[in-house]
Amino acid sequence: MRSHYCGDIQSSDIGAEVEISGWVHKRRDHGGVIFLDIRDLHGIVQVVFNPESKDTFDLADSCRSEFVINIKGLVRARIEGAINPKMATGEIEIEAQSLIIYSKALTPKFPLDDYQEVNEDVRLKNRFLDLRRPDVNDRLIKRSKITSKIRSVLESNNFHEIETPILTRATPEGARDYLVPSRVHPGEFFALPQSPQLFKQLLMIGGLDKYYQIAKCFRDEDLRADRQPEFTQVDIEASFVTTEDIINLGEDLITSLLAEFTNYEPIEVPRIKYKDAITKYGCDKPDLRIPLELEDISELMKNEEFKVFSGPANDPKARVVALRVPGAAELTRKKIDEYTDFVGKLGAKGLAYIKVVALEEENGLQSPILKFLDQATVNSVTSALKVENGDMIFFGAGNANVVNLSMSSLIKKLADDLDLYVSEWAPCWIVDFPMFERTKENKLTSLHHPFTLPVVTIDELANNPDEALACAYDFVLNGYELGGGSLRVHDPVMQSEIFKILGISSEEADEKFGFLLSALSSGCPPHGGIAFGLDRIVMLLTGTTNIRDVIAFPKTQSASCLLTNAPGEVTLSSTRGVTRAING
RNA sequence: GGUCCGGUAGUUCAAUCUGGUUAGAACGCCGCCCUGUCACGGCGGAGGUUGCGAGUUCGAGUCUCGUCCGGAUCGCCA
C-alpha cells in the first residue's frame with residue numbers, strides 16, 4: 001500500500017513513481033489546483049491535483065482533514081519560487097495520478113497542527129488523535145529506542161529477561177496494592193505487583209544468576225507529574241555481586257543512554273552520603289545542576305537572643321540553615337513575599353533574609369532581622385557563606401523536616417525563576433542510606449524495603465536499629481530519583497530479625513513471607529540489584545516534565561482513563577463469582 | 001485527606017477584579033469564488049444550558065456556598 005513514507009521522499013526521488021498512504025493533514029483548494037498535504041509517521045509531503053484528470057480532482061476536492069487516503073503519483077521538483085524551506089520535503093511534490101479514500105473522518109475534535117496548544121484533558125479524551133501529532137509519537141518512538149538500548153546493554157552483560165507474575169500476593173508494607181478478587185477462592189485476593197522484588201530474589205536463589213525485566217508495576221497511591229498508578233521499571237538483579245558491581249552497571253546503563261540520546265558529556269558521577277545530601281540540599285534527590293547549597297548554622301545561633309533562630313538551634317529535632325543566592329540581592333520585596341508564601345505552604349513559619357549590598361561598608365547589609373542578631377554572629381554567617389556584594393541570604397529555621405522540605409523546594413524554585421542552572425545533566429548516587437526511619441507514631445519502617453542488607457551485624461542491628469546503615473543506593477538525575485537498589489539479605493536469621501524490628505510478628509512473617517524465608521534457608525547466593533523508572537528516564541531524555549507525555553495511554557491525577565472511562569462499573573455477567581469473592 | 005490554579009462556541013482565549021442591552025475574537029466548520037499555495041486568499045453563513053446545583057440580587061458568565069472534572073503540590077508513594 002506504499003512505496004515510500006511521506007516524510008522520506010527527497011530530491012533524489014524526482015522522476016520516480018511513488019505510492020503513499022496517510023492522513024490528509026491540510027487541504028489548500030485554489031479552485032483550479034488543489035494541494036493536499038499528506039502525513040504519516042515520518043512526515044508530510046505535498047500532493048498536487050490538476051483538473052485535467054477530473055475524477056481524481058473531484059475526489060481530492062471531497063477530501064477533508066484526517067481522511068485516510070492512498071496516492072499514486074510522480075515525484076517532481078517544485079517549480080521555482082514554490083520551494084518551501086520550512087518543510088523537510090519542501091523541494092519536491094507529488095503529481096497525483098490516482099487517489100483512493102480508505103476512510104473518511106469527522107472534523108477532528110482539536111487541531112493537529114502545532115499552532116495552538118490544546119488542553120490535556122481534550123487530548124487524553126481523544127488520545128488516538130493526539131498520538132498522530134509528531135511531538136507525541138516522537139516521544140513514544142524514542143521510548144521504544146531507549147528500551148531497545150537498555151535491553152542491548154543488559155544482554156551484552158549476560159543478563160536474561162525473565163517474566164514474573166502479575167497476579168501475586170499482597171505485601172504488608174509499602175504502597176497500597178491494587179487488588180484482584182479470586183473467583184476460585186471466595187474472599188481471597190491477588191495483588192498486582194508493586195515491583196517484582198521478591199520474585200527476582202527467588203530467581204537468584206533459583207540460580208538464574210543475572211535477571212532483568214521491563215516490568216509493569218502497580219501502586220494504588222496518589223499521582224503526581226512524575227507518578228502514575230501503573231508504571232514501568234527496568235528491574236535488575238544479579239548474584240555474587242557487591243554494591244560496587246551494581247553501581248557500575250547502573251551507571252554504565254544510564255550514561256550510555258545519555259550518551260546515545262543527549263549531548264551528555266561524561267563526568268565522574270559523584271556519590272553523596274544520604275546524611276550529607278539532607279544536610280547540604282535538604283533532600284535525598286538533589287538537582288546538582290543548581291549551584292546552591294544549604295549551610296547549617298545551628299551552632300552559630302545557639303547563644304543568640306533571637307528565639308526564632310536560637311530555639312531551633314538548641315532543639316535536636318530542628319535546624320537552622322542559611323542559603324546564599326549569588327546575585328539575588330535585587331529581588332523585590334514583592335518577590336520575597338512570594339517566596340515567603342511559597343515556603344509557608346510547605347510548613348515554614350517565615351523566610352528571613354539578608355541582602356548583601358556593600359559588604360565593606362558599615363550598613364552594607366539590609367534585613368529586618370539584623371537588629372535581633374549579634375554583629376559577630378552575622379559576620380560569622382557571612383564569612384561561612386563566603387558572600388559577595390549583590391548576594392541574598394535566605395534563612396530557614398525550625399523543625400528539621402520542615403526546613404529541609406521548604407528550603408530544598410526554595411532552591412528548585414529560585415533556580416527556575418533566576419535560571420541558575422549551570423549544567424544540563426547532573427547525575428549522582430545517593431549512598432549510605434539508613435536501614436530504617438521513624439514514623440509519626442515513632443515506629444520503625446524500612447527506608448528502602450525490608451529485604452535490604454544492613455551494613456552491620458544482626459546484633460548491632462537489633463541493639464541500635466536507628467543508626468544502622470543499609471547497603472542501598474539511589475541514582476538521581478537532575479533532581480529526579482531515577483532508580484534505587486540494594487544488596488539483599490541472604491541469611492534467614494537476619495531477615496527474621498528485620499521483620500521483628502519492623503513489628504511484623506513471626507506468625508505474620510511466616511504467613512506472608514514463609515516462601516522467602518524457606519528459600520533463604522535453602523542455599524541463597526549473596527545478591528543485589530536495582531530498579532530504574534523507565535517512564536522517568538524517557539521523560540528526562542525527551543525533555544518533558546510530565547510522565548503522561550511518555551505513556552501512550554496515561555491516567556489522570558484521579559487515576560482514571562479519560563479515553564476508556566476506566567475504571568467503570570461492571571455488568572452482572574462479568575462479575576459472576578466475584579461478588580462472592582469480595583463478600584467472602 | 002489538605003492547599004492552590006483552572007472549567008465560557010469544535011479548539012484556544014476575551015468579557016469575571018468593578019453584576020447591567022443580543023456573551024466577543026481568532027482558528028476550525030459549512031456555502032460560493034479563486035491554477036502555485038504551503039498556518040493560501042476573498043465574500044457570506046452556521047455554531048453557546050458560560051461544567052452541574054443551590055443561594056444573594058430588580059438583574060449572575062461575573063458575587064457566595066456546595067458538587068463534579070482537569071492540573072500543580074503537601075500528606076502518601078516499603
Side-chain angles (χ1 to χ4, degrees), chain A residues 25-38 44-52 57 64-66 78-87 89-90 93 95 106-126 129 171-177 194-195 197-198 217-229 231 341-348 401-402 405-406 409 412-413 433 435-437 439-440 444-452 470 472 481 484 486 498-499 502 504 531 533 545-546 548 555-560 562 565:
Chain A
H25 187 68
K26 266 275 155 62
R27 182 179 67 112
R28 288 180 297 280
D29 180 356
H30 287 242
V33 62
I34 296 173
F35 300 100
L36 293 186
D37 286 346
I38 311 301
I44 293 172
V45 70
Q46 170 170 289
V47 182
V48 190
F49 297 82
N50 287 298
E52 286 81 70
F57 186 83
R64 292 293 179 275
S65 286
E66 301 310 306
R78 293 199 186 186
I79 59 170
E80 196 159 311
I83 289 171
N84 185 350
K86 284 184 282 185
M87 231 177 145
T89 59
E93 63 192 4
E95 180 185 7
L106 299 173
T107 303
K109 283 276 191 284
F110 57 88
L112 300 191
D113 56 34
D114 297 328
Y115 301 103
Q116 192 171 277
E117 290 286 315
V118 180
N119 290 329
E120 200 177 354
D121 54 339
V122 177
R123 293 170 45 202
L124 291 182
K125 255 176 225 157
N126 304 278
L129 288 179
T171 47
E173 276 207 54
R176 244 175 250 115
D177 289 305
Q194 298 179 21
S195 80
Q197 181 58 39
L198 290 176
C217 304
F218 306 86
R219 294 179 189 175
D220 188 4
E221 296 292 346
D222 285 349
L223 288 80
R224 286 289 187 280
D226 63 351
R227 262 166 39 191
Q228 282 270 305
F231 61 101
D341 195 47
F342 174 79
V343 296
K345 283 176 181 160
L346 299 170
N401 289 336
V402 170
L405 174 65
S406 59
S409 303
K412 289 175 185 181
K413 183 157 182 62
F433 281 87
M435 276 292 285
F436 308 106
E437 60 185 346
T439 64
K440 273 172 242 152
L444 286 165
T445 175
S446 293
L447 197 72
H448 191 52
H449 59 53
F451 319 106
T452 305
E481 183 195 323
S486 62
I498 291 173
F499 286 148
L502 292 171
I504 299 173
T545 53
N546 174 348
R548 294 181 297 276
K555 307 252 182 320
T556 65
Q557 196 159 91
S558 58
S560 56
L562 293 179
N565 277 326

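Just so you know, these numbers come straight off a predicted model, no measurement behind them. First the proteins, then the strands, lettered A, B, ... as listed; each starts at 1.
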Check: A/Ile34 main-chain N/O paired with A/Arg27 side-chain donor or acceptor under 3.5 Å: no
Partners meeting salt bridge (Lys or Arg N to Asp or Glu O under 4.0 Å) with A/Arg28 (sequence neighbours left out): A/Asp37
Could you list the donor-acceptor pairs under 3.5 angstrom formed between side-chain atoms of residues 110-121 of chain A and any protein atom two or more places apart in sequence or on another chain?
unit_1: A/Asp113; atom_1: OD1; unit_2: A/Tyr115; atom_2: N; d: 3.3
unit_1: A/Glu120; atom_1: OE1; unit_2: A/Arg548; atom_2: NE; d: 3.4
unit_1: A/Glu120; atom_1: OE1; unit_2: A/Arg548; atom_2: NH2; d: 3.1
unit_1: A/Glu120; atom_1: OE2; unit_2: A/Arg548; atom_2: NE; d: 2.6

Sugar-phosphate only, base, or nothing, as touched by A/Ala175 at under 4.0 Å among non-hydrogen atoms: sugar-phosphate
Touch class at under 4.0 angstrom, heavy-atom based, for A/Glu437 against every strand present: nothing
C1' spacing across the pair B/rG48 / B/rG61, given as an integer number of angstrom: 11 Å
Sugar-phosphate only, base, or nothing, as touched by A/Leu502 at under 4.0 Å among non-hydrogen atoms: nothing
Protein-nucleotide distance (A/Glu221, atom CD; B/rG1, atom C1'), rounded to Å: 13 Å
Complementary nucleotide of B/rC4, counting Watson-Crick and G-U pairs under 3.5 Å: B/rG71
Watson-Crick or G-U wobble partner of B/rA15, both distances under 3.5 Å: none
Donor-acceptor pair present, A/Arg28 side chain and B/rU35 base, under 3.5 Å: no
Protein-nucleotide distance (A/Glu117, atom CD; B/rC13, atom P), rounded to Å: 9 Å
Smallest separation among heavy atoms of A/Leu346 and A/Ser406, with atom names: CD1-CA, 3.9 Å
Length of the line joining A/Lys109:NZ and B/rU12:P, which is rounded to integer Å: 13 Å
Interatomic distance where CG belongs to A/Leu36 and C1' belongs to B/rC40 [whole Å]: 14 Å
Whole angstrom value for the distance that separates C1' of B/rC76 from CZ of A/Phe231: 14 Å
Anything under 3.5 Å between a protein N or O and an N or O of nucleotides 67-73 of chain B, put it in a table, one pair a line.
unit_1: B/rG70; atom_1: OP1; unit_2: A/Thr556; atom_2: OG1; d: 3.0
unit_1: B/rG70; atom_1: OP1; unit_2: A/Ser558; atom_2: OG; d: 3.2
unit_1: B/rG70; atom_1: OP1; unit_2: A/Ser560; atom_2: OG; d: 3.3
unit_1: B/rG70; atom_1: OP2; unit_2: A/Ser558; atom_2: OG; d: 2.8
unit_1: B/rG71; atom_1: OP1; unit_2: A/Gln557; atom_2: N; d: 3.2
unit_1: B/rG71; atom_1: OP2; unit_2: A/Gln557; atom_2: N; d: 2.6
unit_1: B/rG71; atom_1: O3'; unit_2: A/Arg548; atom_2: NH2; d: 3.1
unit_1: B/rA72; atom_1: OP1; unit_2: A/Arg548; atom_2: NH1; d: 3.4
unit_1: B/rA72; atom_1: OP1; unit_2: A/Arg548; atom_2: NH2; d: 3.1
unit_1: B/rA72; atom_1: OP2; unit_2: A/Gln557; atom_2: NE2; d: 2.5
unit_1: B/rA72; atom_1: N7; unit_2: A/Gln557; atom_2: OE1; d: 3.1
unit_1: B/rU73; atom_1: OP2; unit_2: A/Ala225; atom_2: N; d: 3.2

Heavy-atom donor-acceptor pair, A/Arg227 side-chain to B/rC77 base, under 3.5 Å: yes
Upstream residue (5' side of RNA chain B) when A/Gly174 and A/Gly90 are each assigned their closest nucleotide: A/Gly90
Closest-nucleotide ordering on RNA chain B, the 5'-leading residue of A/Arg176 and A/Lys345: A/Lys345
Any N/O pairs under 3.5 Å between the protein and nucleotides 26-31 of chain B? List them or say none.
unit_1: B/rC30; atom_1: OP1; unit_2: A/Arg64; atom_2: NE; d: 3.0

With A/Ser65 via side chain to side chain contact (heavy atoms under 4.5 Å, CB included) - residues at least two apart: A/Pro108
Complement of B/rC30, any strand, by Watson-Crick or G-U distances under 3.5 angstrom: B/rG44
Centroid distance under 5.5 Å and plane angle under 30°, A/Phe110 vs B/rU11: no
B/rA46 and B/rG31, which share atom name P, separated by this distance in whole Å: 15 Å
Span that lies between the P atom of B/rU16 and that of B/rU64, in whole angstrom: 15 Å
Whole angstrom value for the distance that separates P of B/rU12 from CG of A/Asp114: 15 Å
Pairwise side-chain contact, A/Glu481 with A/Asp226, heavy-atom cut-off 4.5 Å (strictly under): no
Sub-4.5 Å side-chain heavy-atom contact between A/Phe451 and A/Ile498: no
More than 12 heavy atoms of other groups within 6.0 Å of A/Lys412 NZ: yes
Stepwise side chain to side chain contact (heavy atoms under 4.5 Å, CB included) check, A/Leu444 with A/Met435: CA-CA 9 Å; A/Leu444 286 165; A/Met435 276 292 285; over 6 Å; no
Short side-chain N/O contact to B/rA39 OP1/OP2 from A/Lys86, under 4.0 Å: yes
Heavy-atom donor-acceptor pair, A/Glu221 side chain to A/Arg176 backbone, under 3.5 Å: yes
Euclidean distance for P, B/rC52 against B/rA60 (whole angstrom): 15 Å
B/rU56 and B/rG66, which share atom name C1', separated by this distance in whole Å: 15 Å
Spacing between A/Lys413 atom NZ and B/rC74 atom C1', to the nearest angstrom: 15 Å
Aromatic-base stack, A/His30 on B/rC34, cutoff 5.5 Å, angle under 30: no
Whole-Å gap separating P (B/rU37) and CZ (A/Phe49): 18 Å
Any A/Asn119 side-chain N or O less than 4.0 Å from OP1/OP2 of B/rU12: yes
Whole-Å C1' distance, B/rG28 and B/rG47: 11 Å
Intermediate values then yes/no, side chain to side chain contact (heavy atoms under 4.5 Å, CB included), A/Lys125 and A/Lys109: CA-CA 10 Å; A/Lys125 255 176 225 157; A/Lys109 283 276 191 284; over 6 Å; no
Base partner of B/rG66, which must satisfy Watson-Crick or wobble distances under 3.5 Å: B/rC52
Sugar-phosphate only, base, or nothing, as touched by A/Leu447 at under 4.0 Å among non-hydrogen atoms: sugar-phosphate
Per A/Ala82 side chain, nearest of listed nucleotides B/rA39, B/rG36, B/rG75: B/rG36
Base B/rG36 paired with A/Glu80 side chain (donor-acceptor, <3.5 Å): no
With sequence neighbours excluded, residues passing ring pair (Phe, Tyr, Trp, His ring centres under 6.0 Å) with A/His25: none
Pairing partner (Watson-Crick or G-U wobble, both distances under 3.5 angstrom) of B/rA9: none
Sugar-phosphate only, base, or nothing, as touched by A/Gln228 at under 4.0 Å among non-hydrogen atoms: nothing
B/rG36: pairing nucleotide in any strand, Watson-Crick or G-U under 3.5 angstrom: none
